[in-house]
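Each chain gets a letter, A, B and so on, in the order its sequence line appears, and its residues count up from 1.
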Number of protein chains: 2
Amino acid sequence: MTTPGRGLHGHVLDTLGPAITAGEYPPGSVLRTDELAQRFEVSRSVMREAVRVLESMHLVESRRRVGVTVRPKAEWNVYDPQVIRWRLAGADRPHQLRSLTVLRSAIEPVAAGLAAQHATAEQCAELTECALGMVANSRGHKLDKYLVHDIAFHRVVLTASGNEMFARLGDVVAEVLAGRTHHEVMFEDPDPAAVTLHVGVAEAVRAGDAPRAEELTRQIAVGALQELDILAP
Amino acid sequence: MTTPGRGLHGHVLDTLGPAITAGEYPPGSVLRTDELAQRFEVSRSVMREAVRVLESMHLVESRRRVGVTVRPKAEWNVYDPQVIRWRLAGADRPHQLRSLTVLRSAIEPVAAGLAAQHATAEQCAELTECALGMVANSRGHKLDKYLVHDIAFHRVVLTASGNEMFARLGDVVAEVLAGRTHHEVMFEDPDPAAVTLHVGVAEAVRAGDAPRAEELTRQIAVGALQELDILAP
DNA sequence: TGTGACATATAAGTCTGACTTTTTGTCGCT
DNA sequence: AGCGACAAAAAGTCAGACTTATATGTCACA
């Protein structure tokens, strides 16, 4: 997604970020800039830049005469895409995946309802195209191709909602869907009911039927929650 | 909220951040580190740290031989609390307030439903206390006191949901509520219906009645949307 | 006239060392 | 025990020199 390790400070972040978000340094742990600079074999300037970025994510706090202290998890900027990626890549993955799926279940139905009101003709076309692509790859071990269309589908819905906050969740949803397909419990072929629901959403959006688009998307969300045993089946 | 201007690089951010998020530099604009360092009368090291932070927010992109280019709005990390504050403080305020209110309307009902299932006894007590505080200050020009309890109420609900992503929206909701009271259209006294709804939510959460908590919160959300003319009355 | 290789200028990136500032812990005095 | 002065520690700041990547212009050749 984002270019990894761009520059020396990026390389440092690629190591320190995952370590912190994985809880390797408990809250209150103290790091010292000079020591870190030595450990990563970079200059203090580079290390300081890395610390500034971690600080802007509220992962750490830098105080004079004390050092760089790790903040409690409750203060982290958990919506930062970088933080989300780090957590998804580490031991926190299952927990993060659940949090995000609950978030999706709240957002996407509303987004679909708004999309039904605001989607352009072009977006409607994209949507049906995505739905068709899902149908076409819903049988016969074509999970990867299915995934591409699934991701595109949800991204279009979020974008078409016309709300910038929703739109920016496209990347997050993509990570969740990809994660589910590649690492979590995903049956050999996707649930046919889910595929049908996606087609229905595309139709509802095209027809401008907001309540129906919202309701169908809510059912998709229920399915996603059930997959992770968040909701009783 | 967050300590402003902590250190020189913080002061630079306090000026550059609002300027960029206000659209003063159109997407693609090129800034040069050295020039900025001169303008703000800081060393290049400090300026570089500031740029790194802006880069981590996806507000700018730094490339060799080119400079620091401003990214299009669609790529910004719009969930970054700092970015939200900057936008709320600038000309983008009304638009940002609308986006956030729509976000709230999607999240909070679900959060309330979850809170009804997961809230501790202590959280239930806090909630009723907040609701009572709202009732007590709902008449007679006590908007500021009312606001305090209103903010606390929504923060408790979001926290009690047990979802970390929801919980972290507490600050955002606080900003929206404060913004509505202080700058936007807010009648002399809060809508009595809204107050009643809050009391109802507190009761529903205490009773563990998730559907009711969700539905009542949804009605609160509808009210908030109507206030901003997002929803037809 | 167009195209490819090459040279050059430019701005970010990096490193180092010296200095400043703030904060905290400690020690001695009352 | 309380209080104030002092010293140490770590981040913060700055200046300057050097490195590296790369966009762009130039020139020879087809």
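- Look at CZ on B:Arg48: it is 8 Å from C1' on C:dT14, rounded to the nearest Å.
- When the nucleotides C:dT24, C:dG13, C:dT21 are ranked by their closest atom to the side chain of A:Arg64, C:dT21 comes out on top.
- A salt bridge does not link A:Glu55 to A:Arg63: none of the charged nitrogens lies less than 4.0 Å from a carboxylate oxygen.
- Using a 4.0 Å cutoff to heavy atoms of chain A, the contacted part of DNA chain D runs 5' to 3' from D:dA8 to D:dT13.
- At the phosphate of C:dA11, neither OP1 nor OP2 sits under 4.0 Å from any side-chain N or O atom of B:Arg44.
- For the pair A:Arg168/B:Asn77, a side-chain contact is recorded, criterion being any heavy-atom separation below 4.5 Å from C-beta on.
- Side-chain polar atoms of A:Ser45 and B:Ser45 form no donor-acceptor pair below 3.5 angstrom.
- The CD atom of A:Glu41 sits 15 Å away from the C1' atom of C:dT14 (whole-angstrom rounding).
- Here B:His198 and B:His149 keep their ring centres 6.0 angstrom or further from each other.
- Counting non-hydrogen atoms under 4.0 angstrom, B:Val66 reaches the backbone sugars and phosphates but no base.
- No side-chain heavy atom of A:Glu108 sits under 4.5 Å from any side-chain heavy atom of A:Ile220.
- Nucleotide C:dT14 holds its C1' atom 16 Å from the NE2 atom of A:His11, rounded to whole Å.
- Rounded to a whole Å, the CG atom of B:Leu8 is 14 Å from the C1' atom of C:dT22.
- Between B:Ser62 and C:dG13, a side-chain N or O to OP1/OP2 separation shorter than 4.0 Å is present.
- Between A:Asp229 and A:Arg98 no salt bridge is recorded (no basic side-chain N to carboxylate O distance below 4.0 Å).
- Taking the nucleotide of DNA chain C with the nearest heavy atom to each of A:Val46 and B:Asp34, the more 5' of the two is matched to B:Asp34.
- C:dA11 atom C1' lies 13 Å from atom CG of B:Leu31, rounded to whole Å.
- Atom NE2 in A:His9 sits roughly 13 Å away from atom P in C:dC15 (whole-Å rounding).
- In summary, the side chains of A:Ser99 and B:Glu164 do present a donor paired with an acceptor at a separation below 3.5 Å, with no hydrogens or angles considered.
- Among the atoms of the strands shown, base atoms are found under 4.0 Å from some heavy atom of A:Ser45.
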